[in-house]
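All values below come from the heavy atoms of this structure, side chains included, with hydrogens, waters and symmetry mates left out. Chain letters run A, B, ... following the sequence lines, proteins first, then strands; residues in each count from 1.
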Amino acid sequence: MSDKSNGKVSQNDKKRLSSPDVETPMKRVKTEDGDDSKPAEYNKYLAHWETGDGGWDSKYKGNGSGFSDRLPKGSPLAHFERRKTTAKQAFEAENGDNNPFTGEPHSQQYFNILKSRRNLPVHKQRQEFLDLYQKSQILVFVGETGSGKTTQIPQYVVYDELPHLSRKLVACTQPRRVAAMSVAQRVADELDVTLGEEVGYSIRFEDKTSSKTMLKYMTDGMLLREAMHDHDMSRYSCIILDEAHERTLATDILMALLKQITRRRPDLKLIVMSATLDAQKFQRYFYDAPLLAVPGRTFPVEIFYTPEPEKDYVEGAIRTVLQIHAGEDEGDILLFLTGEEEIEDTCRKISLEVDELVRETDCGPMTVYPLYGTLPPHQQQKIFDLAPPPLKKGGRPGRKCIVSTNIAETSLTIDGIVYVVDPGFSKQKIYNPRLRVESLLVSPISKASAQQRAGRAGRTKPGKCFRLYTEKAFKEELIEQTYPEILRSNLANTVLELKKLGVVDLVHFDLMDPPAPETMMRALEELNYLRCLDDEGELTALGGLASEFPLDPSLAVMLISSPEFYCSNEMLSITALLSVPQIFVRPAQKRREADEMKNLFKHNDGDHLTMLNVYHAFKGVLNRGEDARTWCHKHYLSFRHLSSADNVRAQLKRIMETQGLRLVSTDFNDKNYYINIRRALVTGFFMQVAKKEKDRVYRTLKDNSQQVMLHPSTVLQTEYDWVLYNEFVMTSKHYIRTVTGIKPEWLLELAPAYYDIDSWDGQKDVKLALKAVADKMRRRAAMKGGH
DNA sequence: GATAGCGCT
């Protein structure tokens, strides 16, 4: 709020970054590159400034405000010139008996790993990398799978950035938490340091860094969060955006932000790492930055197309898997499908067919595993089990077949896959700004995606990929790249973030792929109704507060308003429950039992309150020290998702406290206990309201009013004329899911701007109904006033 | 009367 960006690192930041117990020379000196705006700590001639005090520690100590500027005695790095080092210097420093950063003797494991690191393709180009890195502020780096870029490049940077001199960190972003964690661990091992000390990671719910940390792996979303309070990213001397080709929302915003920041901060370096051949697009975007390409280490994959288009891709996929199993050499199979149900179904069918094949021919055995994101982790782990052995000695070898969603395209790597079956579809998010609805649609994949899938067959030896579409279709019908997420999303949250990031002119904010103006308009409009932006489009106090929460604006506004309704404790729980996957479990075979159990928690006013009942019961079980896992299982509830809601709730609660928002409840015996909660729901969801037309059929109000059905999962009976919903689901029909009954008076009272009757542009009968409600309210007020 | 791809704060 006060940290308006002025294009310079503030004096406060500099103080914070320098060591408090050492007087740092802050006088400005002319440096070689002619930039005289930097303090003396950048001057290479002062690099050894503190080496004469005789106070060397064998291990440098953190000082609580940025890592120490001290190097261990005899460290070869003492003679390095920042951003002027060579691969040879680094090579020799790495060969030393002692760790140049900690002074500790190197372990045997270190030297073993060092040997394998030097076999990575990227190692040969270390000097070439340094040459480009040193002469350019921005660098685009293309490395295919197996090049070692994610682990090696950040280390090369550290050896050249010399964080003890810059007193700034090197950051490397990842789209996924697991990647940030596992790569950080690997690199800590490679550098022979303890994870969380010199090398750390930072993800939601876990900050494993310390004052010693010089290299930090983090999720892209985490860096974006940090930037909200440090618009210049002044803690970092170099930022590496990894997996940029995935084009996540956060990466796209970070790219645009960093494109601006690098102009304000000439000392900040940026490396954009990508795996595709689409690198020219990144180069062009970043002012024709130099490009370095490193070959990967994969095996060739032979591609086969079907001669004719497939009528039914699932059936074609099953047939292909069986043909591979019957006729091809040893090696595991990976089949890409689109969703949980399709995958479970297909797994069953393949298993049955294989049983028959084994009975009738000399085929080996085959185990089939499903794989998708909502599968519990221990079941996901099963895909790494070895293929089954031959049925009898000397028989044909067994194999495993994994039937997976897109999760196996990027997030999970399975070694040993030799055959990939690619029907060419995946579920993709689509945003319809006219209806303000995000939905999932089975759509053809892109060429880049098809290549990525094929590549999964060549990780351990040459493989084969069977594409269930024609070569002509591949060439002429598939788009080059999947549309980036920013073009397929509701941008309300993104626009709020950008405002908080200090982006004033959204129209000219230089995104790599600017979204449709209509989508932008919708987001601004939504934020204005939520009072996060004022009529001039400026961030309001409420908007600033809302951006502090890792939530959609409607949920954040609801939570912030809840103390006024004396129910912030309850709204914390409801918000958390709405932020995690479905807590109700409904196995295909036991639907009736599951529904019966759900009824135990049923609240007549709707699903939000029913979920709250579940959460309270869950907490009761935890507090009594009972076995919550068993309790959940018995009640057809997801222990994992309820625990995760509990975790989210704790985080939201901390933010409430630091923002000075009161945590209050209405007395449970007060008749307003549930009314207060339902009224608080309206403050965030007044735009997601439907009015009853006939039994179980409702109609949404504004925004291309749609006829909708209550989702069959709702506990709500039909007594409510007005309902509020959390989600609009477009499948075979239009459904509203997670629904709670409300009173129309609350709409007029709590969202007067949106429910302004005179300017009403929605359904006429809704307008009349609202008018009648308004008249009734006026009469009531007049009567009250009359007494 | 039921159709949640993946991921992030």
Which part of the nucleic acid, if any, lies within contact of Q428(A), taking any heavy atom under 4.0 Å across all strands shown: a base, the sugar-phosphate backbone alone, or nothing? nothing
Once you apply a heavy-atom cut-off of 4.0 Å, does T731(A) come out as touching a base, just sugar-phosphate, or nothing? sugar-phosphate
Options dA2(B), dT9(B), dG7(B), nucleotide nearest the side-chain atoms of R225(A): dT9(B)
Within the 4.0 Å heavy-atom criterion, would you say F549(A) contacts the bases, only the backbone, or no part of the nucleic acid? nothing
Could you pull out all residues at least two apart from S449(A) that satisfy side chain to side chain contact (heavy atoms under 4.5 Å, CB included)? E409(A), I445(A), S446(A), R453(A), T482(A)
What is the separation between atom CD on Q717(A) and atom C1' on dG1(B), rounded to the nearest whole Å? 13 Å
Gap between atoms CD1 and P, on I407(A) and dG7(B) respectively (whole Å): 4 Å
cation_pi(R467(A), F474(A)) dist<6.0 Å, angle<=45: yes
From the options dA2(B), dT9(B), dT3(B), select the nucleotide whose nearest atom is closest to the side chain of P712(A). dA2(B)
When you measure from the side chain of P550(A), which nucleotide among dT9(B), dA2(B), dT3(B) comes out closest? dT9(B)
Closest to side chain of H711(A), choosing from dA2(B), dC6(B), dA4(B): dA2(B)
Using a 4.0 Å heavy-atom cut-off, does R177(A) contact any base of the nucleic acid, only the sugar-phosphate backbone, or nothing at all? sugar-phosphate
Out of dT9(B), dC6(B), dT3(B), minimum distance to the side chain of Y372(A) belongs to dC6(B)
Do R591(A) side-chain and dA2(B) base share a donor-acceptor contact under 3.5 Å? no
With side chain to side chain contact (heavy atoms under 4.5 Å, CB included) as the test, would you mind laying out the steps for Y431(A) and R436(A) before giving the verdict? CA-CA 7 Å; Y431(A) 178 60; R436(A) 282 185 209 264; 4.1 Å; yes
Remember a base hit wins even if backbone is also touched, and classify P581(A) as base, sugar-phosphate or nothing at under 4.0 Å, heavy atoms. nothing
List the atom pairs, with distances to 0.1 Å, where a side-chain N or O of residues 575-584 of chain A and a protein N or O form a donor-acceptor pair under 3.5 Å, not counting sequence neighbours.
residue, atom, partner, partner atom, Å
T575(A), OG1, M571(A), O, 2.6
S579(A), OG, T575(A), O, 2.7

Look at all strands and tell whether Q582(A) reaches a base, only sugar-phosphate, or nothing, counting heavy atoms closer than 4.0 Å. base
Regarding the side chain of S732(A), the nearest nucleotide among dT9(B), dT3(B), dA2(B) is dT3(B)
Could you state the atom-to-atom distance from CZ of R176(A) to C1' of dT9(B) in whole Å? 16 Å
Please work out if L249(A) contacts a base, only the sugar-phosphate, or nothing of the nucleic acid, heavy-atom cut-off 4.0 Å. nothing
Using a cut-off of 4.0 Å on non-hydrogen atoms, how would the nucleic acid contact of L440(A) be classed: base, sugar-phosphate, or nothing? base
Keeping the roles fixed (side chain from H734(A), backbone from T731(A)), state whether a donor-acceptor pair exists under 3.5 Å. no
When we call it a touch if two heavy atoms are under 4.0 Å apart, what does S426(A) touch: a base, just sugar-phosphate, or nothing? nothing
How is D345(A) classified with respect to the nucleic acid when contacts are heavy atoms under 4.0 Å: base, sugar-phosphate, or nothing? nothing
